[in-house]
Amino acid sequence: MKSRVFSGARPTGRQHLGNYLGAIQNYVKLQDQYDCVYCIVDIHALTTLDNTRELQKNIHEMALDWLAAGIDPKKSIMFVQSHVPEVCELHTILSMVTPLSWLLRVPTFKEKVKQNPGNVNYGLVGYPVLMTSDITLYKADVVPVGEDQLPHLELAREIVRRFNDHFGETLPEPKAQMTAFPMVVGLDGKSKMSKSLNNHIELAMTEEETLKRVMTSVTDPARQFRKDPGHPEVCPIYALHKYFNPLQQENVAATCRTAERGCVDCKKAMAAEINEALKPFRERRAELAAKPKYIDDVLNDGAVRASVIARQTIKEVKQKMGLL
Ligand code: AMP
Ligand code: TRP
């Protein structure tokens, strides 16, 4: 039997270059080797309760991005988390084998508490347990994610080990799989590219929007004048050259260091490279956007296929625990 891949992402709307380079790229690649399940995790989005009015629209936008990027519903299952409610049942079951102390030391949890101390709900603490339920409900071995998800994956492995120790070998221990770009820096040059920090470039932007956005990026802060030599290793635009123009990468670095290349020209070249690379994606996306019923059909069909696997796992888990 082929190993299974599972990944999920919260429906935050249109996907950005960080999502693509850190995760979606691998979703697409892994489809040829593995049995893949990709999930739009709408229940996870409820933990912060800031975008529920936009939820259906965001799910649709994200599905469009994934399909346009190359997720093939004939090869892979693509579905919405809440359409297969067994995940909630498994979440409750796994919460019984998860010590609260493990959850309280998760870095993303601590960060969220700091950001929003007035909304520390029970679901937020349990976020990694729900994520573990996603992965184990489909008995996935491989989980393509960006670097920020590694602590969650480590916890998932610990929960699985504990479950298996108590009730017998049932769930596989999932392993993270990262791309060559596991942490894409945002245009502020400080933090990871993320929609909430508004330092991102959306895949679905127009060519003009992309250029405008790239021009807002910081570069090397030490480079105040055109003649100042640059330090490409600290520049978020240089980091993108590595992906979009690997053959020219050394040349870009060398001419930046000698100040032959200025930041404005470098950004314009970068925007042109992004626009060229994303052209086929943007064309496919526009075609798909004209067929909303097709997107609904893909997600409905995905939920039906995912349910078959989910029911089997739940039955097995319940038998092992003495609930059946
Ligand atoms: P999110 O949009 O935060 O739900 O993330 C969806 C997927 O994209 C996860 O696998 C993340 O690890 C990955 N991801 C998000 N932002 C970045 C980034 N800036 N660099 C690399 N991967 C990322
Ligand atoms: N926590 C992930 C994120 O914020 C989303 C996610 C939920 C996920 N369930 C998952 C990722 C299962 C991988 C596997 O991006």
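Whatever order the structure lists them in is the order used to number ligands and atoms, beginning at 1.
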Pair Asn26-Thr179, side-chain donor/acceptor within less than 3.5 Å: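 No donor-acceptor contact under 3.5 Å links the two side chains.
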
Under a 3.5 Å threshold, yes or no: a donor from one side chain and an acceptor from the other, between His241 and Gln248?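 Short answer, no.
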
Aromatic plane relationship, Tyr127 with His44 - under 30° parallel, 30 to 60° tilted, over 60° perpendicular: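 Judged by the thresholds at 30° and 60°, the geometry between His44 and Tyr127 is perpendicular.
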
Can you say whether the rings of Tyr138 and Phe6 are parallel (under 30°), tilted (30 to 60°) or perpendicular (over 60°)?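 If you compare the ring of Tyr138 with that of Phe6, the planes turn out parallel.
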
Looking at [X], which atoms of ligand 2 are within less than 4.0 Å of one of its heavy atoms?
| X | answer |
| --- | --- |
| Val41 | 7 (C), 9 (N) |
| Asp134 | 7 (C), 9 (N), 10 (C) |
| Gln149 | 1 (N), 2 (C), 3 (C), 4 (O), 15 (O) |
| Val143 | 13 (C), 14 (C) |
| Phe6 | 12 (C), 14 (C) |

Atom NZ of residue position Lys29 - does it have more than 12 heavy atoms of other residues, nucleotides or ligands inside 6.0 Å?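 Count not over threshold, so no.
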
Within a 6.0 Å radius of atom CD on Glu250, are there more than 12 heavy atoms belonging to other residues, nucleotides or ligands?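 Atom CD in Glu250 is not packed in, count stays at 12 or less.
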
Do His200 and Lys195 come close enough that some side-chain heavy atom pair is under 4.5 Å?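 Answer yes - side chains close enough.
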
With a 4.5 Å heavy-atom cut-off, do Pro174 and Val160 have their side chains touching?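 They are in contact (side-chain heavy atoms under 4.5 Å apart), so the answer is yes.
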
Tell me which one of Glu316, Gln319, Lys139, Lys320 satisfies side-chain hydrogen bond (donor to acceptor under 3.5 Å, both in side chains) with Thr170.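 Among the candidates, only Lys320 passes.
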
Residue by residue, ordered by chain and number, which ones reach under 4.0 Å of ligand 1 with a heavy atom?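 Its neighbours under 4.0 Å (heavy atoms only) are Ala9, Arg10, His16, Gly18, Asn19, Gly22, Ala23, Val145, Gly146, Asp148, Gln149, Phe181, Pro182, Met183, Val184, Lys192, Met193, given by chain and number.
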
Show, in sequence, the C-alpha distance, side-chain angles and deciding distance for Lys318 and Glu89, and conclude whether the salt bridge (charged side-chain N to carboxylate O under 4.0 Å, His left out) test is met. CA-CA 10 Å; Lys318 284 180 152 178; Glu89 205 173 350; 2.7 Å; yes

I need the nearest protein heavy-atom contact for [atom]: residue, atom name and distance, please.
| atom | value |
| --- | --- |
| atom 10 (C) of ligand 2 | Met131 CG, 3.4 Å |
| atom 6 (C) of ligand 2 | Gly8 O, 3.6 Å |
| atom 7 (C) of ligand 2 | His44 CE1, 3.5 Å |

Looking only at heavy atoms, is any part of Leu130 under 4.0 Å from ligand 2, and if so is it the side chain, the backbone, or both, or is it neither?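 For Leu130, no heavy atom sits under 4.0 Å from ligand 2.
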
Counting heavy atoms only, which part of Asp148 comes closer than 4.0 Å to ligand 2: side chain, backbone, both or neither?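 Neither; no heavy atom under 4.0 Å.
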
Please report the C-alpha distance between Asn58 and Arg10 in whole Å, then the side-chain angles of each, then the deciding distance to 0.1 Å, and finally whether the side-chain hydrogen bond (donor to acceptor under 3.5 Å, both in side chains) criterion is met. CA-CA 9 Å; Asn58 286 345; Arg10 286 165 306 128; over 6 Å; no

Is there any N or O on Tyr127 that sits under 3.5 Å from an N or O of ligand 2?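 Yes, there is a polar N/O contact under 3.5 Å.
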
